[in-house]
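Just so it is clear: chains get the letters A, B, ... in the order the sequence lines come, proteins before strands, and each one is counted from 1. Only heavy atoms go into these numbers, but all of them, side chains included; no hydrogens, no water, no symmetry mates.
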Number of protein chains: 2
Amino acid sequence: MRQNPTLKKIAERLNVSISTVSRALKDHPDISPETGRKVKELAELLEYDPNPYAVNLRTHSSKEFAIVVPSLSNFFYHSFISSIEEEARIYGYSVMIYRSSNDPTIEQEILKSCRHKRVSGIFIAITSETDNMEPFLKMDVHGIPVIFFDKVPQYESCNKICVGDEHAAMLAAEEIIKKEIPNVLGIFGDQNMSITKARLKKFATVLQQNGNDINLKTVHACSSAEAEQITWSLLPDWVGKKFTIFCMSDEILAGVMKAIQRKGLSTPTDLGLIAISDGMIPQLFYPEITYAETSGSNLGKLAFNRMMRCIAGSSFAQTIIDESKLVVGGSI
Amino acid sequence: MRQNPTLKKIAERLNVSISTVSRALKDHPDISPETGRKVKELAELLEYDPNPYAVNLRTHSSKEFAIVVPSLSNFFYHSFISSIEEEARIYGYSVMIYRSSNDPTIEQEILKSCRHKRVSGIFIAITSETDNMEPFLKMDVHGIPVIFFDKVPQYESCNKICVGDEHAAMLAAEEIIKKEIPNVLGIFGDQNMSITKARLKKFATVLQQNGNDINLKTVHACSSAEAEQITWSLLPDWVGKKFTIFCMSDEILAGVMKAIQRKGLSTPTDLGLIAISDGMIPQLFYPEITYAETSGSNLGKLAFNRMMRCIAGSSFAQTIIDESKLVVGGSI
DNA sequence: TTTTTCTCCGCAAACGTTTGCGGTAACATT
DNA sequence: AATGTTACCGCAAACGTTTGCGGAGAAAAA
C-alpha cells in the first residue's frame, strides 16, 4: 500500500521548502531556473500529481464537469457526451457522467453531490418529472453554472441548449411535400410533453400551408409498444393508398417499424417512412430510413461553449436552438 | 456565492467544539443524548453535508466506485452500469462512469485520475489494445481493487467477470440442432479476438458432436458493414435451401439483418436467424430475433459482489463466468 | 560606504475533517 | 474524607495544498 508522492517528499529530497516546490511546479516567477528544473525533474521521476482533494480543499475549484442524463442507452446522449469530453480534455477538465434513471429523487442526490464536490459546471438533461427549479437555482447561488440540454425546464431565465424541434419537424414535412404524398400518418409521443407539442404543431402547420390539401392524421403513443400496437391496428385502413408515416422520435420509430415488418410491408414501395431521429435506428434497416437528424455532438459543442462563457463570468441566460439536417435514406 | 455549512459553523452556533459536532453527527458514545439531538437538529436545518474533499484528505477513503468502459452506446454496458449503481446505492457508495473511447492512452489517464482520487474500487472493461498490465497492478499496490469485466486481459492473477462465451454459443447451437436445421451459416467477428475464438470453437464443436452431419460454413467480418456485405454476397447460394444464420454479436447481427431485408427475405420462413446478443437489437425486428442473452445486469451483480469481498480484504484473484440463457423470439 | 532594488526562497495560516488523548466535573466506592 | 469510576467534552495534530508576507543576500544605485 504505497503512498502517492507529495510536495513534502519532493521538498525533503531536494532540501527546499514545500512552497518552493509548489511554485516551481507551476512556473512561478519567484523561482530560479535552476531550482525549477531540479524540482520538475524529480517530480517527473516520482510521477508526482497533486492530490485533487487537497487542492480542492484549498482552492475550492475542481476542474471537472458533471453530465447528468436520464439514461445512457441512447445514441443521442452518447454523442453529446463524447462531444463534451473531447472539448473538456482540451481545456484540462475531466468529466463525470451521472445517470438519473429518470428519477427526480436520484436527480436531487446527484445534484447535491455535485454541489459538495464543487464541480466546475453541470450539463443536465432533466427527468420528465422534474418540476422544482429551486435546487438548480441553488447551484447558481453556489457559483456552479448549470447548462440544460435536450430535456429542459419551462423556466425562463436559465441556459438551455435544445434541438430544433420545429426545424426538424419542418424538414420532415417539407420532404413529404416534395415527394407529393397525399396521405400522412403522423405518430407522436406523449401529448403532455413540450417536445411533442412543438413538433406536432410545426409539422401540421407546414403540411397545411405548403401542401395542397394533404390528408394528415395524427395519433399519440407513450411507448414503443403502444406505437407498434396503434400502427398495427391502423395500417389496414391505409394500405393500398399512397401514404407516408412520420415518426416523431426513435422510440416511436422502433415500434412503428415492428408493425410494418409484421404486416409484411416494406418501404418505400408499400408506404413511405420518415422520422426525427439521432440516426442509430434508421441505419439498422434496409433501405435506411430517411430522418431529420437531432445531433448530439452539435448540441455538445454549443453547450460547451456556453459553459465556458459562464465560467468566464457571463451571467445572462440564453436559449440556443440547434438546427437539424435531413439525412436521406431510401424509405420515402 | 454562499458557502456550504461546516462543522465550525454548527459548533459556533451551539457553543460547543468542532469535535463534539463531528462526533455527535456520527453517534459517538461519548456524546450526551441532549447534545446529540441539538447538533443533529441544527445540521438538518442547515442542510449540512460533510465536505468530501476534507473527509478524503483526512481519511483517505472516498466511498465511490469508478466504472470504465470503451463505449457508452451499448445496451450491455448500460445494464451493467445500472446494476452496479443499484447495488452501490444500497451500500452508500456513489459511482462515476468513465469512457475510454477504446483508446489506451485515455484509459491510462482515467486510471491515473482514479488513483489520485483514491476511488474505492474500479470496474473496467479494457480497450481492445490494452496490453500493459503494469498500471493495473499499480492500482493494487495502492490498495485499490480492480475488477475486470467483459473485456478482460489474458493475465492470470486478477479478478475477472466474463460472459459465458462458450455457454452462449452452446445454447445457440443446441437450438439449431433442436430445430433440425441442415445448413448453418455462422458469421463471426475479428479472427484475432479471443471472444471470437471461444464462441466459434464451442459453436462448431457442439454442432459437430450433436448434430447429425450439419453443414456448417463460417465466415468472419470485422464490422457491421462488412457483415452486411458478406451476407449479401453469400445469400444467393443459400436461398432455397433450409438454412439458418448464426450471428456472433450485435454488431454482426445489425449488418446481417440489413442484407436480409435488402434481399427481401424474412425469418423464419425464408431462413432461420439466431444470435448472441444483449437483447436490444433483436427486439427491434418482427418477428423478434431468438438470441442467447449476455446479461449485463447479471454480470454487474457478480462483479459487485466480488468487489465487496475485495474491499473486505479478500486478496486472492478469481475468474467468474456468467452463464447465459436463451431468449426465444420467432426468427428460427 | 550606505542605501535601494531585485532575486529567490521559507514561514505559517488556511481549507474542513477526524481522532487520540487528556481534562473536568459528578457520581459511586472504600 | 480520600480514592476510583464514569460520562462528556475540548485541544491539537494531521491530511496535502496554495499563497500572502517577510527576510536574506546580492547586485545596482547613490
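- Atoms CG (N4(A)) and P (dC15(D)) sit 14 Å apart, rounded to a whole Å.
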- Audit row: E64(B), K117(B), salt bridge (Lys or Arg N to Asp or Glu O under 4.0 Å) steps and yes/no: CA-CA 9 Å; E64(B) 64 183 5; K117(B) 284 190 178 159; 5.9 Å; no
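- Rounding to whole angstrom units, CG of residue D30(B) and P of dG20(C) are separated by 11 Å.
- Paired with F123(A) under the rule ring-ring contact (aromatic ring centres under 6.0 Å, His included), one option of F65(A), Y93(A), Y77(A) passes, and it is F65(A).
- Between H28(A) atom NE2 and dC9(C) atom C1' the separation is 11 Å, expressed in whole Å.
- Position along DNA chain C of the nearest nucleotide to T59(A) versus R23(B) favours T59(A) as the more 5'-ward residue.
- The distance from atom NE2 of H116(B) to atom P of dG16(D) is 12 Å, rounded to the nearest whole Å.
- The side chain of V55(A) lies closest to dT17(D), out of dC15(D), dT17(C), dT17(D).
- When each of dC15(C), dG16(D), dC9(D) is scored by its nearest atom to the side-chain atoms of I31(B), the top-ranked nucleotide is dC9(D).
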- Please assess S22(B) against S19(B) for the test side chain to side chain donor-acceptor pair (under 3.5 Å), listing each intermediate value before the final yes or no. CA-CA 5 Å; S22(B) 174; S19(B) 10; over 6 Å; no
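- Nearest nucleotide to the side chain of R118(B), out of dC15(C), dG16(D), dC9(D): dG16(D).
- With DNA chain D read from its 5' end, the first of the two nearest nucleotides for P33(B) and L57(B) is the one closest to P33(B).
- Between T35(B) and dC8(D) there is no side-chain polar atom (N or O) within less than 4.0 angstrom of OP1 or OP2.
- Both S19(B) and P5(A) lie close to DNA chain D; mapped to their nearest nucleotides by heavy-atom distance, the more 5′-ward contact belongs to S19(B).
- Counting non-hydrogen atoms of neighbouring residues, nucleotides and ligands closer than 6.0 angstrom, the NZ atom of K63(A) exceeds 12 such neighbours.
- Heavy atoms of other residues, nucleotides or ligands lying less than 6.0 angstrom from CE of M280(A) number 12 at most.
- In the set dC9(D), dC8(C), dG10(C), the nucleotide with an atom closest to the side chain of T20(A) is dG10(C).
- The distance between atom CG of L7(A) and atom C1' of dC9(C), rounded to the nearest whole Å, is 15 Å.
- Side-chain N/O atoms of Y53(A) include none lying less than 4.0 angstrom from OP1 or OP2 on dA14(D).
- Between the P atom of dC11(C) and the CD1 atom of I18(A) lies a distance of 9 Å, rounded to the nearest Å.
- Residue E34(A) contributes atom CD, which lies 17 Å from atom P of dT7(C) at whole-angstrom precision.
- Residue L46(A) contributes atom CG, which lies 15 Å from atom C1' of dG16(D) at whole-angstrom precision.
- S17(B) has a side-chain polar atom (N or O) that falls below the 4.0 Å cut-off from OP1 or OP2 of dG10(D).
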